[in-house]
Structures are given as C-alpha cells and as structure tokens.
Amino acid sequence: MKVLIRNLSRSTTEATILELFQAHGSVQSCNVVMDQKTGGSKGFGFVEMPNPGEAKAAIKTLNAIDLEGSTIRVKKADNK
C-alpha cells in the first residue's frame with residue numbers, strides 16, 4: 001500500500017521517515033519529493049508498505065503527530 005506523508009519539515013530526511021514507518025512494519029520504499037530547482041524538500045513524500053494491515057496501522061498511529069516541529073498528515077495515497 002502506498003502512503004502519502006504531507007506537511008513534512010523541509011529538513012526531514014528519508015532516513016527519518018523510514019525509521020518512523022519501520023517501527024510499524026516492513027517498508028518496501030521511501031522517498032521525499034525534492035524540488036529540482038532548489039534541491040530542497042517539497043514538504044511531502046511517500047512510503048510503500050507491502051502489508052496493508054501494517055500500512056493502515058501506521059497511518060492511524062502516525063497521522064497528526066509532531067515530527068521535527070511539523071504536524072504531519074498521513075493517509076493512503078490515491079493511485080491515479
């Protein structure tokens with residue numbers, strides 16, 4: 001299941017997100033979307049978790065927590 005993480009601090013790294021989600025299960029991939037012009041974070045990213053049950057538990061637990069000074073929003077990513 002692909003999970004969208006929004007409202008990330010610009011300093012939040014993929015390693016931080018990976019560690020956060022691995023506490024809830026196995027993570028297939030993790031990436032923070034970067035601005036091509038500035039090289040900085042755009043403030044959102046994606047995590048792919050192979051087990052839907054673990055992904056749902058991670059979404060429920062991590063949505064609206066404070067991460068590095070920002071209240072993150074976590075939800076299932078739309079597959080468009």
Side-chain angles (χ1 to χ4, degrees):
M1 175 184 287
K2 195 168 190 176
V3 178
L4 169 65
I5 308 106
R6 296 175 55 196
N7 202 40
L8 291 171
S9 164
R10 301 293 187 229
S11 62
T12 301
T13 65
E14 288 179 2
T16 301
I17 295 169
L18 185 61
E19 186 178 321
L20 193 64
F21 277 82
Q22 282 178 331
H24 300 278
S26 61
V27 175
Q28 189 174 336
S29 66
C30 170
N31 74 303
V32 172
V33 177
M34 305 302 269
D35 186 298
Q36 290 182 339
K37 289 183 181 176
T38 66
S41 167
K42 285 192 168 187
F44 70 98
F46 296 95
V47 170
E48 194 127 4
M49 299 180 78
N51 182 316
E54 292 174 351
K56 287 176 185 173
I59 290 169
K60 186 175 182 181
T61 305
L62 299 175
N63 188 46
I65 67 162
D66 183 284
L67 180 65
E68 298 181 346
S70 293
T71 302
I72 63 171
R73 294 189 307 276
V74 183
K75 68 177 196 167
K76 182 180 177 191
D78 293 332
N79 291 328
K80 291 182 181 176

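- In this structure, Leu4 and Phe44 approach most closely via the heavy-atom pair CD1-CD1, 4.1 Å.
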Under 3.5 Å, side-chain donor or acceptor atoms of residues 17-36 against the rest of the protein: list the pairs with distances, not counting sequence neighbours.
unit_1	atom_1	unit_2	atom_2	d
Asp35	OD1	Lys37	N	2.7
Asp35	OD1	Thr38	N	3.0

Listing, residues 55-72 side-chain donor-acceptor contacts under 3.5 Å, not counting sequence neighbours, or none:
unit_1	atom_1	unit_2	atom_2	d
Thr61	OG1	Ala57	O	2.9
Asn63	OD1	Val74	N	2.8
Asp66	OD1	Gly69	N	3.2
Glu68	OE1	Thr12	N	3.4
Glu68	OE1	Thr12	OG1	2.7

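- Once rounded to the nearest 0.5 Å, the distance linking CD of Glu48 with NZ of Lys2 reads 6.0 Å.
- Between atom CD1 of residue Ile5 and atom CZ of residue Phe46 there is a gap of 8.0 Å, rounded to the nearest 0.5 Å.
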